[in-house]
Amino acid sequence: MRIILLLFSLLVWTQLPAQDTILRQYVTQKVNLRLKKERGEVLQNQNKVEAFVATESKKIKFKKLKLPLVFHILYAPGKEYPSEKQVLSQIDALNRDFSQKSYRVKHPADTLEKFAQRVEDTEIEFCLAKNGPDGKNTAGIRYLQSSRAAWASNDSLKMAKIGVEPWDTEKYINVWVTTLADNVAGWAQMPGGPKETDGIVIDYRFLGIGGTAKSPYDEGKTLTHLIGSYLGLYELWNDANPCQDDLVEDTPIHNGPNFWCTPYKHVSLCSGYPAEMTMNFMDNTFDACLYMFTSGQKLRIQATLAEGGPRYALSQTEVKCDKNGVLSEELSTLTENKSDASLPPFEVKLYPNPANHEIRVLIHSDVAQDAEVEAFNLLGRSLFKGKYAITGTQEFTINSSTWPSGMYVFHVKTKAHQLVRQIEIIHN
């Protein structure tokens, strides 16, 4: 019966996104397997990492750490690329997620499965690097023109003659931002890999908040997931061996990634049919429905950064942070003419958030088109459905006075777009 219910919930929810929606694809596991095959020392290194983390986790003393980022943005002439404002929004998103500052109970499983009791501030903070490898003040956002329209996941973009080499990987978290082939969202190099390719690669459509980021992945949580991998967390599923443990005690075993905001009770097909932690940053649901790391994941991250761990040198870096996010004159010139319109060609806004007895829905479209709007609670029940002819900016109100307090997911679909927005209802 559980399997039947699971398949039914998947059937209902997988029909919600429009056909042109690009589902986020991570290839961290594939890259890690490739490195193990190409370089024998990677497997040995990672075995040592696991032995160290297992031992260190028993005696870990948590520390507050600040880690510097450098963004290498490779763009082709005439193509979109993120502005410096968008990059800074990504750093804000990382600090929001790794600190759990925005955490609230949002999903029935938070309470019913006691997931809320496992939420933890990792005590890791991120900043934009202020000085380069030569010690001089150099903006940590680098725009580099490339002749390639898209890059494969073979790390060629990290080579000097083809792409751009990383800054010292023991002092900086290197993030390459570009257009990736085959609709790949990105990958991270797990601890124990070669230094010359260490870092994270992310497609420009999944970086930061707004700008070039595409819904439903426009809240900066793709890089949160990838930095989790970079700092030693395994994804909650395993492509090669379904139901393999992620080596974190307080995360349920997943038989595969989840791609949509899932209702309760979404269960794993693994032994015991545990309810899956679909809101964990190391799963793959829409950004609106990802919002937690656990105590066990914090333990693993901190052990990876502890003395003797694979990322210890990074935790001791002397790289200075750009506290104010002030960019160099060169970067300002590059991006001063970029459009910063308050509304892109198609956008949906819900307000106030949290709402009470009514929700105001604003839809903007540069071209005339019909939009279907449907609202669901986190049990998967549809509470509202409507169709609207949109031209320019239009606004309407939904009566939510009878909706119970809690989180709700809005799906807005046209022939060309699909957006997901989340709102909270609080009745005084």
Worksheet item: Does a salt bridge link Arg34 with Asp155, judged by any charged N lying under 4.0 Å from a carboxylate O?
Response: yes
Item to complete: Would you mind reporting whether Tyr230 and Gln189 have side-chain heavy atoms less than 4.5 Å apart?
Response: no
Worksheet entry | Test item: Ile359 and Ile423 side chains (from C-beta on) under 4.5 Å apart, heavy atoms | yes
Discussion item. Within the structure provided, determine whether Leu65 and Leu305 are in side-chain contact (heavy-atom separation under 4.5 Å).
Written reply: yes
Fill in: All pairs passing side chain to side chain donor-acceptor pair (under 3.5 Å) where residues 237-249 contributes a residue, at least two apart
Trp237-Asp239, Asn241-Gln244, Asp246-Thr251
Worksheet item: Can Asn258 and Glu276 be said to form a side chain to side chain donor-acceptor pair (under 3.5 Å), step by step?
Response: CA-CA 9 Å; Asn258 292 293; Glu276 293 190 340; 2.8 Å; yes
Item to complete: Could you please spell out the steps behind the side chain to side chain donor-acceptor pair (under 3.5 Å) verdict for Arg300 and Ser57?
Response: CA-CA 7 Å; Arg300 188 171 174 86; Ser57 297; over 6 Å; no
Worksheet item: Does Lys298 make a cation-pi contact with Phe293, if we ask for NZ or CZ under 6.0 Å from the ring centre and within 45° of the axis?
Response: no
Worksheet entry | Modelled atom types, side-chain donor and acceptor of Ser382 and Glu374, under 3.5 Å | yes
Practice prompt. Please examine the side chains of Tyr291 and Val119, heavy atoms only from C-beta on, and report whether any two atoms are closer than 4.5 Å.
Written response: no
Practice prompt. Using the six-membered ring of Trp176, assess whether NZ or CZ of Lys158 lies under 6.0 Å from its centre and within 45 degrees of the ring axis.
Written response: yes
Worksheet item: Are the side chains of Asp283 and His254 in touch, meaning some heavy atoms are under 4.5 Å apart?
Response: yes
Discussion item. Do Trp167 and Val319 make a side-chain contact, defined as non-hydrogen atoms from C-beta onward lying under 4.5 Å apart?
Written reply: no
Worksheet item: Hey, are Gln29 and Glu235 close enough side-chain-wise for a donor-acceptor pair under 3.5 Å?
Response: yes
Worksheet item: Heavy atoms, side chains only, cut-off 4.5 Å: are Pro133 and Asp168 in contact?
Response: no
